[in-house]
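Input: a single structure, listed below in structure tokens.
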Amino acid sequence: GTYQEALPITEALLATIRRAWPDNTNEIIQTSANLANVHLKCGRAEEAAAINKDVYEQTCAIRGPGSLFTATLGANYALNLVQVGRFADARAVGREIVQWAHRNPDSPHSFHIVKALMDSLYKDPNASVDDLREAVEVFENIPATSSRVLGSAHPDTKTYEKALAKAKKALAEKSSA
């Protein structure tokens, strides 16, 4: 498919940027993040996680943990970790980046960042009742805020509504067990 074709092209682009412009860290980071996304689209989640880890750590070192760019790349990394079943690592990253979202609660970026933490909590098959309660509490206001900021019909708002419903269902099931 298209992503399979894009993989060697993106790898070649990254190699070219590293060779021709080794000091252009922003371009290297962005292209590396794009490469991780192509790996994900090709079903290579482990490879993507390794790249996303490097991208997140480099960005954190360069821009600091409080930047939007760092938080967004951290959310991508945390969601990738959830995909490969590394929930504890995803929670650790999610807790690092969620501070940005708390400082910017009406930003659409905040919704994505908080969802990364929530997913790391409620999608874990070994999640405790406290983990599930935290997932619901941390995400409780996101669908309503998203609806206000993006509109109730926006696809992201619908995604957040469904995710919160799933987290609440998991909490209810675990609490009654």
Side-chain angles (χ1 to χ4, degrees), residues 25-26 28-30 32-34 36-37 40 45 48-175:
T25 54
N26 285 334
I28 291 169
I29 287 170
Q30 187 61 57
S32 296
N34 291 342
N37 287 332
L40 275 174
I51 295 168
N52 276 326
K53 179 180 192 271
D54 289 343
V55 164
Y56 174 63
E57 288 174 351
Q58 288 173 21
T59 306
C60 204
I62 293 168
R63 295 195 181 189
S67 81
L68 168 60
F69 195 56
T70 301
T72 301
L73 292 173
N76 292 345
Y77 176 42
L79 290 166
N80 189 182
L81 289 169
V82 168
Q83 288 175 318
V84 297
R86 293 173 44 200
F87 300 101
D89 292 338
R91 275 192 295 280
V93 173
R95 287 190 173 116
E96 288 173 9
I97 62 173
V98 79
Q99 299 311 313
W100 188 93
H102 292 315
R103 288 191 309 274
N104 302 279
D106 288 346
S107 169
H109 297 288
S110 291
F111 313 150
H112 175 68
I113 291 164
V114 175
K115 185 177 183 305
L117 176 57
M118 185 192 70
D119 281 6
S120 74
L121 292 161
Y122 96 89
K123 289 186 176 182
D124 184 347
N126 299 314
S128 68
V129 171
D130 288 341
D131 289 337
L132 296 170
R133 190 174 296 115
E134 180 184 356
V136 170
E137 288 172 3
V138 78
F139 205 70
E140 187 79 51
N141 297 323
I142 297 297
T145 306
S146 178
S147 180
R148 182 174 46 78
V149 173
L150 301 174
S152 61
H154 194 281
D156 288 349
T157 300
K158 298 296 183 191
T159 297
Y160 302 141
E161 289 168 348
K162 289 175 188 171
L164 180 59
K166 289 177 184 177
K168 285 181 174 181
K169 180 180 177 192
L171 174 60
E173 289 172 357
K174 191 82 156 197
S175 295

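Because only heavy atoms are used, hydrogens play no part in the values below, and waters and symmetry mates are left out as well, while side chains stay in.
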- Sub-4.5 Å side-chain heavy-atom contact between V136 and F139: no
- Message: Measuring from atom CD of Q58 to atom CG of N26, what distance do you get when rounded to the nearest 0.5 angstrom?
- Response: 10.5 Å
- Item | L117 backbone acceptor or donor facing S120 side chain under 3.5 Å | yes
- Item | L81 vs F87 side-chain heavy atoms within contact, under 4.5 Å | no
- Are any of the side-chain heavy atoms of E96 and Y56 separated by less than 4.5 Å? yes
- Message: Nearest 0.5 angstrom please: N76 CG to N37 CG, how far?
- Response: 6.0 Å
- Non-hydrogen side-chain atoms of R91 and L121 separated by less than 4.5 Å: yes
- Work out which heavy atom in A116 is nearest to a heavy atom in L79; give both atom names and the distance. CA-CD2, 3.7 Å
- Any ion pair linking D131 and K174 (charged N to carboxylate O, less than 4.0 Å)? no
- Message: Testing the basics here: between A163 and M118, what is the closest heavy-atom pair and its distance to 0.1 Å?
- Response: CB-CE, 3.4 Å
- Task: Rounded to the nearest 0.5 Å, what's the gap from CD on E137 to CG on L132? Could you check?
- Result: 11.0 Å
- Query: Do E134 and R95 meet the salt-bridge criterion of a basic N to acidic O distance under 4.0 Å?
  - Reply: yes
- Whether T59 side chain and T70 backbone form a donor-acceptor pair below 3.5 Å: no
- Taking T145 for the side chain and N141 for the main chain, is one N or O donor matched with an acceptor at less than 3.5 Å? yes
- Query: From K158 NZ over to L150 CG, what is the distance, rounded to the nearest 0.5 angstrom?
  - Reply: 12.0 Å
- D54 side chain reached by I29 side chain, heavy atoms, under 4.5 Å: no
- Item | CZ on R133 to OG on S175, rounded to 0.5 Å | 6.0 Å
- Message: For T157 and S146, which I'm curious about, is there any donor-acceptor pair between the side chains at under 3.5 Å?
- Response: yes
- Query: Of all heavy-atom pairs between L73 and A33, which one has the smallest distance, and what is that distance?
  - Reply: CD2-CB, 3.9 Å
- Message: I'd like to check P65 versus C60 (side-chain heavy atoms, cut-off strictly below 4.5 Å). Are they in contact?
- Response: yes
- Salt-bridge contact D89-K53 (side-chain N to carboxylate O under 4.0 Å): no
- Task: Return yes if a side-chain donor-acceptor contact under 3.5 Å exists between N52 and N80, otherwise no.
- Result: yes
- Item | Expected output: side-chain T159 to main-chain P155 donor-acceptor under 3.5 Å | yes
- Interatomic spacing from NE2 in H109 to CZ in F69 - rounded to 0.5 Å: 11.0 Å
- Note: H112 and Y160 closest approach over all heavy atoms is N-OH, 3.7 Å
- Message: Regarding K168 and E140, does a basic nitrogen lie under 4.0 Å from an acidic carboxylate oxygen?
- Response: yes
- Message: For a quick test of reading the model, state the closest non-hydrogen atom pair linking A36 to I51 and the distance between them.
- Response: CB-CG2, 3.7 Å
- Which heavy atom in S110 sits nearest to a heavy atom in W100, and how many Å separate them? OG-CZ3, 3.3 Å
